[in-house]
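Everything numeric in this text was worked out from a predicted model, so none of it was measured. The sequence lines fix the lettering, A, B, ..., with proteins before strands; numbering per chain opens at 1.
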Protein chains: 2
Amino acid sequence: MKPAPFDVVEASRRVWLRDWNSEAASGMAVFTAILRSFQLLNDDVQRVMRSHDLTFARYEVLAWLATDPDSSVTLSWISKTLRIPPATVTDIIDRLEQDGLVRRAAHPTDARTTLAVITARGRKVARNATSDLNTEVYERIGLSETQRDQLIELLAELRASGNEFDVERSRQVIDDLG
Amino acid sequence: MKPAPFDVVEASRRVWLRDWNSEAASGMAVFTAILRSFQLLNDDVQRVMRSHDLTFARYEVLAWLATDPDSSVTLSWISKTLRIPPATVTDIIDRLEQDGLVRRAAHPTDARTTLAVITARGRKVARNATSDLNTEVYERIGLSETQRDQLIELLAELRASGNEFDVERSRQVIDDLG
DNA sequence: GACCATTGTTACGGAGCCGAAGTAACGTCC
DNA sequence: GGACGTTACTTCGGCTCCGTAACAATGGTC
């Protein structure tokens, strides 16, 4: 996509400062900047996804399944962790199953819950897609390592304050990964 | 929506550092952090939009029309500036027109182009929606003024390096606003 | 006047979200 | 051990936006 004729974030900010207040203006600028940055990167991500016959949502599920040592995960875990509505999880798993990348399995003790299990083919697809994402998008983001860290840190604070994840439990869970 | 059980960004980063390289890991973390921050704020934005019978895309168009002194703008300008595909612009204007918030008008000199003109009702709706967005989302973002500025600055650099907007022309255009 | 670019529209399928309803299984509390 | 509320997943219909492609009409250029 071609560049916009000007920086919409900065332009909007001027308008907001004129018509509203500085608190609203900076908040608006934060949201708009995040939205536009997302769109920018997402365009590239989608391109890679299409070349692997995936969508980002399907890829995300696959990627988590591929990293999990047990290679299986409950559908509700997917919904909670990736913040995907249950009805959409059903769609996604349907499609992944249909493509032979995942299969549904019964939970050993809880008859209500369904497990998603990655297949060998799914594992291969996940690995290839991630490899492409890395070289074609992630490694090309135009920021220094220091800037990336700052950005990640600021957004972590934004998310924590908005209760996007459980700050208390997070440390334990993550330490368990290592 | 309820918080995720842990910080997915940080968890993914550990996995990436184990399986790939630090460049890919920080890039992935940047994208994921932006995505999740967007989702977090967007949930609130959508809530406000729904209460005004708008979508964010329709609101954005309306808000720009409301601030423009001439109150009219070509459809192609909308497409380029807000990065909305032409076919979607047609949909959006159709709906705004149907709701009586905007009307189409012929361009005075170029018979190919169509102008979108905001109505009095559209102006009122835009103002109310913005007011709610400000108090219910933008003014509540959990970052200090300094942090917001840092964040906006980092994202501006990310966008500029990704050619999201025309850096050269942007200064002129924005100075013209003031 | 021929040629190409730009503008907007139409049509089609795909993806994900929303809301609401429904089924089935689990857990708890009296 | 039965009633009740909760949790897990599915189904359905509708909506919005995207991607692609084709098309008509106009404008600009050589």
Which is true for B/Ser76 with a 4.0 Å heavy-atom rule: it touches a base, it touches only sugar-phosphate, or it touches nothing?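 Here B/Ser76 touches the backbone only, sparing every base.
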
DNA chain C stem ranges, 3 or more consecutive Watson-Crick or G-U pairs under 3.5 angstrom: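 Stem list for DNA chain C: C:1-30 with D:1-30.
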
Before accepting this row, confirm whether a basic side-chain N of the pair [X]/[Y] lies closer than 4.0 Å to the acidic partner's carboxylate O.
X        : Y        : value
B/Asp43  : B/Arg47  : no
A/Asp99  : A/Arg95  : yes
B/Asp7   : A/Arg159 : yes
B/Asp149 : A/Arg13  : yes

Residues in residues 48-62 of chain B with a heavy atom under 4.0 Å of DNA chain D, by number, are B/Thr55, B/Ala57, B/Arg58

Near DNA chain D, counting only heavy atoms under 4.0 Å, which residues of residues 33-41 of chain B show up?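 Within residues 33-41 of chain B, no residue comes under 4.0 Å of DNA chain D.
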
How about [X] and [Y]: does a side-chain donor come under 3.5 Å of a side-chain acceptor?
X       : Y        : value
A/Asp94 : A/Gln98  : no
B/Ser26 : A/Tyr138 : no
A/Trp16 : A/Asn21  : no

Show me the side-chain donor-acceptor pairs of residues 150-158 of chain A shorter than 3.5 Å, one per line, residues at least two apart or across chains.
from, atom 1, to, atom 2, distance (Å)
A/Glu157, OE1, B/Gln147, NE2, 3.4
A/Glu157, OE2, B/Gln147, NE2, 3.1

Applying side chain to side chain donor-acceptor pair (under 3.5 Å), can you list everything that pairs with B/Glu136, at least two apart in sequence or on another chain? none

Do other residues, nucleotides or ligands put more than 12 heavy atoms under 6.0 Å from A/Arg171 CZ?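 For A/Arg171, atom CZ is not crowded (no more than 12 foreign heavy atoms under 6.0 Å).
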
B/Asp166: salt bridge (charged side-chain N to carboxylate O under 4.0 Å, His left out) partners, not counting sequence neighbours: none

Not counting sequence neighbours, which residues clear salt bridge (charged side-chain N to carboxylate O under 4.0 Å, His left out) with B/Glu60? List them please. none

Segment of DNA chain C, first to last nucleotide, that comes within the 4.0 Å heavy-atom reach of chain B: C/dT6 to C/dG19

Heavy atoms of chain B, cut-off under 4.0 Å: which first and last nucleotide of DNA chain D, 5' to 3', fall inside that, if you could look? D/dT16 to D/dG27

Residues touching DNA chain C, which here means a heavy atom under 4.0 Å, drawn from residues 104-117 of chain B: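 Output list: B/Arg104, B/Arg112, B/Thr113, B/Thr114.
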
Of A/Thr90 and B/Ile92, the one whose nearest nucleotide on DNA chain D sits closer to the 5' end is A/Thr90

Residue closer to the 5' end of DNA chain D, B/Asp91 versus A/Trp77 (nearest nucleotide):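 That would be A/Trp77.
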
Is the ring pair A/Phe38/B/Phe38 parallel, tilted or perpendicular, if the boundaries are 30 and 60 degrees? parallel

With no hydrogens and no angle check, is any side-chain donor or acceptor of A/Arg83 less than 3.5 Å from a backbone partner on B/Pro3?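 Not a single qualifying donor-acceptor pair exists.
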
Does NZ or CZ of B/Arg127 fall inside the cone over A/Trp20's six-membered ring, less than 6.0 Å from its centre and within 45° of the axis? yes

Do B/Leu115 and B/Val73 land in one hydrophobic cluster if side-chain heavy atoms of ILVMFWY residues count as linked below 4.5 Å?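 No: no chain of side-chain contacts under 4.5 Å links B/Leu115 to B/Val73.
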
Salt bridge (charged side-chain N to carboxylate O under 4.0 Å, His left out): pairs with one or both residues in residues 20-35 of chain A, sequence neighbours excluded: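 Non-adjacent pairs meeting salt bridge (charged side-chain N to carboxylate O under 4.0 Å, His left out): A/Glu23-B/Arg148.
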
Which atom pairs, donor and acceptor, lie under 3.5 Å between side-chain atoms of residues 48-57 of chain B and protein residues at least two apart or in another chain?
from, atom 1, to, atom 2, distance (Å)
B/Ser51, OG, B/Val48, O, 2.7
B/His52, NE2, B/Asp132, OD2, 2.8
B/Thr55, OG1, B/Arg58, N, 3.2

